[in-house]
Number of protein chains: 2
Amino acid sequence: MEQPAAANKPLYLRMKEDLLRRVQSGEWRPGELIPSENALAAEYGVSVGTARKAIEELADERLLVRQRGRGTTVAMHTHRQEVLRHYRLMTKDGERVNEETSYLDVASARASSTEAKVFGVNRGTAVTRVRRLRLYAKQPVVLEFLSLREDVLPGVGALIRATQPEVLYALLEREYHIIIAKVSEKIMAVKAEAEDTEALGVRAGEPMLEIERVAYDLNGRAVERRIMRARNDTYYLSEFA
Amino acid sequence: MEQPAAANKPLYLRMKEDLLRRVQSGEWRPGELIPSENALAAEYGVSVGTARKAIEELADERLLVRQRGRGTTVAMHTHRQEVLRHYRLMTKDGERVNEETSYLDVASARASSTEAKVFGVNRGTAVTRVRRLRLYAKQPVVLEFLSLREDVLPGVGALIRATQPEVLYALLEREYHIIIAKVSEKIMAVKAEAEDTEALGVRAGEPMLEIERVAYDLNGRAVERRIMRARNDTYYLSEFA
DNA sequence: GAGTGGTCTAGACCACAAT
DNA sequence: TTGTGGTCTAGACCACTCC
């Protein structure tokens with residue numbers, strides 16, 4: 001008959017959303033064990049099978065990691081396979097360009113109109129801009145321009161300067177409890193410009209890959225934007241079913 | 001019941017593999033209903049929950065499609081979302097380049113060493129080569145070079161010439177019962193050559209996207225290789241979690 | 001040995017499609 | 001009305017981790 005209100009959604013979905021909320025809220029942090037199936041089933045007043053279904057869906061989405069005998073933890077972005085899944089630029093030999101990072105500069109700035117549009121904020125909002133190089137076999141291969149929202153990540157510039165992280169998203173998790181849940185990349189072919197010549201040693205006018213990435217947190221909020229310009233002896237690998 | 005030996009794998013996995021085999025064998029064809037959960041559970045001598053788990057995994061992998069009240073069917077590649085999932089080239093406006101196809105030529109040839117390597121066959125094995133254009137707003141945007149194994153797809157050249165299909169993988173399903181299960185793409189930046197100038201009207205030397213795709217069937221066998229050269233007012237879209 | 005997740009069973013009721 | 005898949009329950013036993 002008529003439902004008062006609540007959600008007419010299945011129990012396991014409502015439970016899943018609440019578990020997600022608890023991860024978002026920082027109640028359970030990446031790497032930490034969450035309560036067992038039995039404990040959660042009791043807490044939510046559902047059967048173990050239902051609790052399991054909620055947990056399993058989050059595990060399928062790689063937000064949780066289940067280990068028999070040990071328990072269920074919140075996934076960490078530092079886990080090797082996570083890093084690899086996000087970094088899809090390969091050298092001609094089929095190796096991931098993921099070896100070494102060299103920071104060029106970190107600066108505060110006001111959001112350009114593009115940045116404002118991507119982040120959904122007003123033009124002029126504070127952002128942190130970072131330039132860095134990815135190296136492979138000691139050679140610079142990718143020139144990266146990062147742009148981070150300071151309203152969401154206050155003081156991130158200083159942190160980056162101080163720690164020069166290899167894996168930025170691990171820093172966001174550790175310091176801001178922000179988990180990158182989705183990434184969108186546009187890959188284009190462009191001509192090398194003076195800056196590329198300087199940083200990567202490519203000839204001006206040569207074709208290069210340009211990748212524009214936007215990274216979203218669990219709430220679907222755009223947190224970081226990144227332009228990557230790669231030497232054309234690399235390729236971008238995309239595999240899907 | 002006690003299994004004599006067989007695999008020590010869980011029941012639902014063995015059942016899943018057998019269901020997969022039955023799809024591969026052509027016993028159930030794309031678009032057809034397969035037996036219900038209850039029928040399959042009875043047939044395999046397992047509980048409904050176990051049968052459900054086997055079926056659900058195949059549905060998660062998009063090989064099966066479940067519809068409440070109706071039944072479970074083998075997925076068809078012609079389903080709109082399937083086509084879109086495979087075609088990731090977008091115009092600057094964010095529209096998929098997927099509107100119209102114009103075939104230039106279809107010919108038989110002997111596998112080059114690259115083709116032989118990709119397909120895992122001897123050099124000189126028969127292949128069918130196809131050149132075609134993808135149009136958007138009546139303008140040619142992508143020049144494609146397809147190469148198909150004739151040992152796996154006998155007579156495919158004549159079929160393509162006769163039907164000029166918009167969706168090649170739907171033709172492979174219909175005529176050869178071959179389901180494309182995995183696709184791997186390498187995206188590179190290259191210079192436009194004479195052939196691109198002719199077909200797409202781009203200036204020689206301009207940067208273009210070149211995409212090399214290999215398509216695999218359910219057995220993991222490489223069936224098709226494709227080079228796509230796209231005008232640089234397009235981009236390749238990649239989204240992942 | 002205690003506790004975890006992984007597999008498996010055998011039911012129940014429901015929402016939905018087809019007829 | 002019949003049969004389908006979707007949700008949910010309440011158990012059982014097992015493989016594994018940790019102490």
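Every value quoted in this text rests on a predicted model; they were computed, and no experiment measured them. By convention in this document, chain letters (A, B, ...) are assigned in the order of the sequence lines, proteins followed by strands, and residues within each chain are numbered from 1.
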Residues within residues 30-37 of chain B bordering DNA chain D, heavy-atom distance below 4.0 Å: B/Ser36, B/Glu37
Distance-only polar pair, side chains of A/Tyr236 and A/Glu185, donor-acceptor under 3.5 Å: yes
Sequence neighbours excluded and cut-off under 3.5 Å, please list the side-chain donor-acceptor pairs for residues 58-76 of chain B, or say none.
| residue | atom | partner | partner atom | Å |
| --- | --- | --- | --- | --- |
| B/Glu61 | OE2 | B/Lys16 | NZ | 2.8 |
| B/Arg66 | NH2 | B/Glu37 | OE2 | 2.6 |

Residues within residues 50-66 of chain A bordering DNA chain D, heavy-atom distance below 4.0 Å: A/Thr50, A/Lys53
Spacing between A/Lys9 atom NZ and C/dA15 atom C1', to the nearest angstrom: 17 Å
Between C/dT4 (C1') and A/Leu40 (CG): distance, integer Å: 12 Å
Non-hydrogen atoms of A/Ser184 and A/Tyr216 that approach each other most closely: CB-CE1, 4.2 Å
Which residue lies more 5' along DNA chain D, comparing A/Val46 with A/Gly69 via nearest heavy atoms: A/Val46
B/Arg29 and B/Glu175 ion-paired at < 4.0 Å: no
A/Arg68 side chain, from C-beta outward: closest of D/dC16, C/dA15, D/dT9: D/dC16
N-O pairing of B/Arg225 and B/Glu212 below 4.0 Å: yes
Qualifying residue for side chain to side chain donor-acceptor pair (under 3.5 Å) with A/Tyr169, from A/His86, A/His77, A/Glu224: A/Glu224
Distance-only polar pair, side chains of B/Arg96 and B/Tyr87, donor-acceptor under 3.5 Å: no
Distance in angstrom units between A/Arg70 CZ and D/dC18 C1', rounded: 10 Å
Closest to the B/Asn38 side chain, choosing from D/dT9, D/dT4, C/dA18: D/dT4
Whole angstrom value for the distance that separates P of D/dC8 from CG of A/Asn8: 11 Å
B/Leu11 CG - D/dC13 C1' separation (whole Å): 13 Å
Side-chain donor-acceptor pair present, B/Tyr44, B/Arg14, cut-off under 3.5 Å: no
B/Glu144 bridged to B/Arg134 by N-O distance under 4.0 Å: yes
Side chain of B/Thr72 - closest among C/dA18, C/dA10, D/dG5: D/dG5
